[in-house]
Structures are given as structure tokens and as C-alpha cells.
Amino acid sequence: MNIIKFEDLPISDEIKRSVAELGFEEPSPIQSQSIPVILTGKDVIGQAQTGTGKTAAFSIPVLEMVDPNNKNVQAVVLCPTRELAIQVSSEMRKLGKYKSGIKTLPVYGGQPIDRQIKSLKSGVQVVIGTPGRVIDHINRRTLKMDEVKMLVLDEADEMLDMGFREDIELILEQTPSERQTTFFSATMSKEILELTKKYQDDPQLIKIVRKELTVPNIKQYYIETRRANKLEVLCRLIDVYNPKLSVVFCNTKRGSDELVSELQARGYFADALHGDLKQTQRDIVMDKFRQGTIDILVATDVAARGIDVDDVEMVFNYDLPQDEEYYVHRIGRTGRAGREGISFSFVFGKEIRKMKDIERYTKCKLVRHNIPTIADVEEKKVTAFFKEVKDVIKDSNLSKQTQWIENLCEEEGLEAIEVAAALVKIALGDEEKQEIVEETSSYKEESGRRRRDRGDRKRGKNAEAGMVRLFINVGKNQRIQAKDIVGAIAGEAGIPGKLVGTIDIYDKYTFVEVPKENAKKVLDKMKNIKIKGNKINIEKANQRRK
Ligand code: ADP
Ligand code: MG
């Protein structure tokens with residue numbers, strides 16, 4: 001079965017028309033494989049990575065199977081967050097544009113319930129909601145589940161991660177048992193499989209495996225280095241390997257601008273390429289890079305799409321990418337046109353875990369590389385210099401210079417070797433440099449301790465009901481106080497301070513509880529912020545990846 005056109009799918013003309021209007025040229029794999037199966041009424045587990053069109057994969061069958069003449073709720077879609085509920089609802093409305101008589105409604109916490117009740121009463125066939133609010137409506141009897149024939153769990157992994165399991169089970173139990181149940185998820189976990197066993201009837205697993213990732217001729221290294229040393233490490237690597245062209249990736253525009261200034265201050269020919277630049281500015285930077293006027297391009301992921309230069313010998317992940325796919329995309333800037341490439345990724349502390357995710361995704365191991373020592377850099381410089389010296393000896397007439405040296409030695413009572421040494425010193429300089437001391441082992445211990453701490457907390461002190469416990473990597477050492485945390489959550493995520501739960505501040509990190517419904521928003525909004533001048537890292541305290 002290899003359907004590749006919407007035309008070939010067993011769907012109505014109304015849907016074909018809206019899909020064409022949305023600009024979908026062909027169904028994505030999860031769509032072409034799930035839609036026909038869901039339309040037969042079978043339970044389905046659809047697994048495909050983020051951004052592969054899972055929404056339409058379940059929305060199209062829902063729209064096809066709902067009876068427009070029946071004004072009762074016939075399908076319920078559960079989503080982890082209010083944003084997703086709105087998004088799914090909006091996509092479903094677009095897809096159902098030419099299906100007359102079908103009404104969809106998003107319901108979620110935070111919106112006045114009266115308005116939702118009024119809308120529900122007006123006759124809605126598809127409800128898209130967050131678990132909490134759906135239960136609320138069930139309890140108020142404003143959402144009647146007895147005619148629901150389809151139940152969809154969208155982003156099932158996210159929902160379980162956010163602690164919605166009980167709520168989901170409650171809803172499943174309130175739905176007629178003859179219903180069709182479909183789960184959609186980017187990842188599959190034990191918990192999802194447990195739910196599947198309990199609530200689905202002989203489900204068909206439709207799993208879309210990612211394209212094989214091939215990065216054959218790129219040597220991938222990682223270097224453990226803390227943020228403060230990254231610049232020095234980068235410069236040493238460039239000095240030692242002396243790549244013709246290299247691309248350095250940063251996660252933020254500001255970060256890339258700062259790095260460019262620092263590199264320029266050290267005398268490197270570097271420039272930035274990021275999304276804030278106008279197209280003409282980007283073209284100028286790219287031209288300079290192609291011509292070698294600059295040999296270091298500092299880029300963000302967005303801007304990197306336009307990098308199509310064959311001579312890039314090295315890629316640096318100055319910041320580890322947020323997403324595994326970005327990693328592949330980034331390092332793919334080198335090793336092009338059959339050439340060999342090298343990539344270096346800078347990691348530290350808990351980023352190692354992120355790196356493991358990348359390794360799993362790319363099915364490649366990153367090889368540890370030591371920070372080049374000052375001796376390495378010097379050796380490299382000296383070797384290059386002596387090569388030049390040898391070439392000069394070979395290719396030119398040095399009789400005049402030889403005479404000068406002879407005279408000098410004679411007059412001052414010096415040895416020729418002393419003079420040569422002094423000349424090398426003048427040519428190469430001899431700065432007193434500090435070796436970089438990375439306290440790798442002690443840091444490992446520390447992150448181990450942290451993991452234990454978190455483990456203990458997971459077992460001992462669970463988040464209160466309805467709350468999610470988040471981990472932030474700043475604490476007493478950064479003079480963090482509860483008000484800083486509350487302030488940041490209120491300011492960045494717009495969550496009223498009174499909704500923020502328990503805050504536990506330790507030396508190096510902090511745990512804070514926020515309402516489940518808000519967890520995703522807090523995580524999203526606080527991803528790239530600073531608290532008391534410290535760039536923070538925030539994540540769910542209950543680690544998700546298995
Ligand atoms: P997922 O839920 O798998 O993460 P989404 O359903 O949110 O992915 O889809 C991601 C994006 O792809 C959306 O903008 C959606 O409109 C778009 N999209 C979905 N299906 C197609 C298609 N067949 N062709 C092109 N774009 C599509
Ligand atoms: Mg989705």
C-alpha cells in the first residue's frame with residue numbers, strides 16, 4: 001500500500017477541496033496510513049515525530065465520520081494544553097470548511113466556563129479540550145458523553161508527562177465502550193501501552209519511522225567545556241585545525257552576535273548570519289564567506305538553511321541544538337560534495353543527556369575530544385611557521401641575511417641559535433596563557449547528586465495534585481529567592497503568582513510547582529530567559545525520556 005495522493009484516499013470531495021485550499025500537496029505518511037484505517041472504525045495508535053501532520057491524520061476521519069444531522073457531541077479530542085486545543089480546533093475548522101452542519105468547539109481552563117456552556121448547548125459535534133476542563137463539563141453535565149463514538153488522545157505522551165493520566169482514564173470510562181479510540185503521539189512509552197491495553201480494542205499500530213539519517217563522512221566529536229571557557233576552546237580548535245571555512249552554531253541571535261564580536265576582538269575573520277538580518281545583508285555575509293573574506297560564519301538554525309557552501313571543513317555546535325533534527329542539519333553543512341568534515345559539539349553537565357538523545361537519534365556515537373592545550377596550539381603554530389621558514393630557505397637567496405646574523409654574533413658574542421630563538425619569539429609572540437582547568441569529574445559528581453536528589457523527590461515528595469514540579473538550574477548560589485521565581489513565572493508566562501505552588505530552593509537549583517494546565521506554557525516561555533542575570537534552564541523535574 002503506497003498511497004501518495006489525497007485523491008486516492010477514501011475521503012469526501014469536501015475534504016479534498018479544503019486540503020487543496022490549505023496547500024497540502026500530498027498526505028504525509030502518517031496521514032496516508034492512518035486515515036484509511038481510522039475510517040474503517042478500527043482503533044489506532046499513530047506514532048510519528050512532531051510536525052508530521054498528526055492533527056489532520058485524526059481530524060479528517062473525525063470530520064468524515066461525524067453525522068451533521070445529529071447535534072450531540074460525537075467526537076472528543078483531548079489535548080495537553082490550551083494552545084494545542086485551540087490549534088487543533090482551528091485546523092479542524094479549516095479542514096471542515098466545506099462540510100456543512102459540523103460544529104467544533106475548543107474547551108480549556110482559563111476561559112470563562114459560561115461561554116463554553118452556551119456554545120455546547122447550541123449543538124456541537126466535536127469537542128477539543130484539555131482533560132481538566134472536559135471533566136469539568138462532564139461533571140456539570142454540560143458535556144454529554146453518551147453519543148460519543150470517537151475519542152482521540154492527541155500528543156498522548158505529552159499528556160501523560162504532564163500528569164493527566166487519571167483525568168484521561170476518567171474520561172475514557174465515561175465514554176460508551178463501543179467507541180473508537182485513537183492515540184496519537186510522537187513517542188511511545190510504557191504508560192501509553194498500558195492505557196492502550198486497557199482502553200483500546202485490538203488497536204493497529206501505525207508507526208512512521210524516520211528517514212535514515214546518514215552522516216557518513218563527518219567525524220563527530222564532543223568536548224566537555226563549561227560556558228565560560230567555550231570561546232577560548234573554540235579559538236584553540238580553530239588555531240589547531242585551521243579549517244578553511246567553518247560554521248559555528250549558536251541557539252540565539254544575541255548569542256551569535258556576541259560571539260562574533262568576541263572573535264573579531266581576537267582577530268578572527270568572523271561574521272554572523274541570523275534571522276534578524278535582511279535578505280540583502282544575508283547575501284552579503286554569504287558572499288564574504290564564499291570568497292573567504294571571512295572564514296568563520298556564526299549562525300543560528302533558521303539562517304543556516306541558506307548555507308550551501310562546499311568548502312566548510314568544520315562545524316561547531318557552540319550551543320547544543322534544542323532539537324535532534326537541527327543537529328543533523330547543522331553538521332550536514334560540512335562533509336558536502338563527498339569531502340570529509342569534522343564537527344565539534346560543546347557540552348557540559350546535564351547537556352550530556354541531550355547529547356545521548358542526539359546519539360540515539362542519529363545512531364552515531366560522538367567521540368570525546370580533549371580541549372587542545374596551549375602546547376598543542378603552540379606546536380601547531382610553530383610547525384606552520386617552520387614550514388614557512390623551510391620554504392624560504394629552499395626558495396630564496398639568504399646570503400645578505402646570513403651575513404647580518406654572522407656580524408651580529410661576532411660583535412655581540414652570541415650563538416646563532418640564540419638569535420634564531422629570539423626571531424621566533426618576535427614572529428610568533430609568547431603570551432602567558434592560562435591553561436583551562438575543567439573540573440569535569442567533580443561536576444559529574446554534582447550532576448549525579450542532583451539526579452539522586454530528583455529521584456528522591458520523585459519518590460518521596462510528589463507534586464501536589466493538579467501541580468507539576470519543574471526544575472530550574474539556579475539556586476541559592478545565584479542568590480535566588482522565591483520572589484525571583486514567582487516574578488519570572490508571572491512576568492514571562494503570565495501566570496498569576498498565587499497559582500505558583502511550593503518552591504524549594506537548593507544551592508544550585510530550584511524546584512517549583514505550577515498548575516498542570518500551565519506547565520507547558522511556563523516551560524515554553526521561560527526557555528530562554530535570565531533570572532538575576534543567569535541564563536536558566538527549566539524542565540520538568542520528572543524526567544521524560546526513557
Ligand atoms: P504534529 O501534530 O504531527 O506535530 P501538525 O499536525 O501540527 O503536526 O502539523 C504540522 C504542520 O504541517 C501544520 O502546519 C500542518 O498544517 C502542516 N501539514 C499537515 N499535513 C500536511 C500535508 N499533508 N502537507 C503539508 N503540510 C501539512
Ligand atoms: Mg500534534
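Remember, it's 1-based here, ligands and their atoms both numbered in the order they're listed. Side-chain atoms are counted along with the backbone in the values below, which use heavy atoms only and exclude waters and symmetry mates.
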Can you sort out the partners of F58 under ring pair (Phe, Tyr, Trp, His ring centres under 6.0 Å), two or more places apart, ordered by chain and number?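 F58: ring pair (Phe, Tyr, Trp, His ring centres under 6.0 Å) contacts with F184.
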Holding to ring pair (Phe, Tyr, Trp, His ring centres under 6.0 Å), I want the full list of residues that pass it with F289, two or more places apart in sequence or in another chain. none
Contacts for ligand 1, heavy atom under 4.0 Å, by chain and number, are F6, F24, E26, P27, S28, Q31, Q49, T50, G51, T52, G53, K54, T55, E91, E155
Under the salt bridge (Lys or Arg N to Asp or Glu O under 4.0 Å) rule, what do D257 and K253 come out as? Steps first, then yes or no, please. CA-CA 6 Å; D257 279 335; K253 290 179 270 196; over 6 Å; no
Should [X] and [Y] count as an ion pair when the cut-off is N to O under 4.0 Å?
{"X": "E324", "Y": "K354", "value": "yes"}
{"X": "D136", "Y": "R140", "value": "yes"}
{"X": "K520", "Y": "E155", "value": "no"}

side-chain contact (heavy atoms from CB on, under 4.5 Å) partner of [X], chosen from [options]:
{"X": "P203", "options": "V44, T196, V37", "result": "T196"}
{"X": "R179", "options": "D43, V76, L151", "result": "L151"}
{"X": "Y199", "options": "L153, I171, I168, L172", "result": "L172"}

What are the protein N/O/S atoms, named by residue and atom, that sit under 2.8 Å from the Mg ion (ligand 2)? E155 OE2
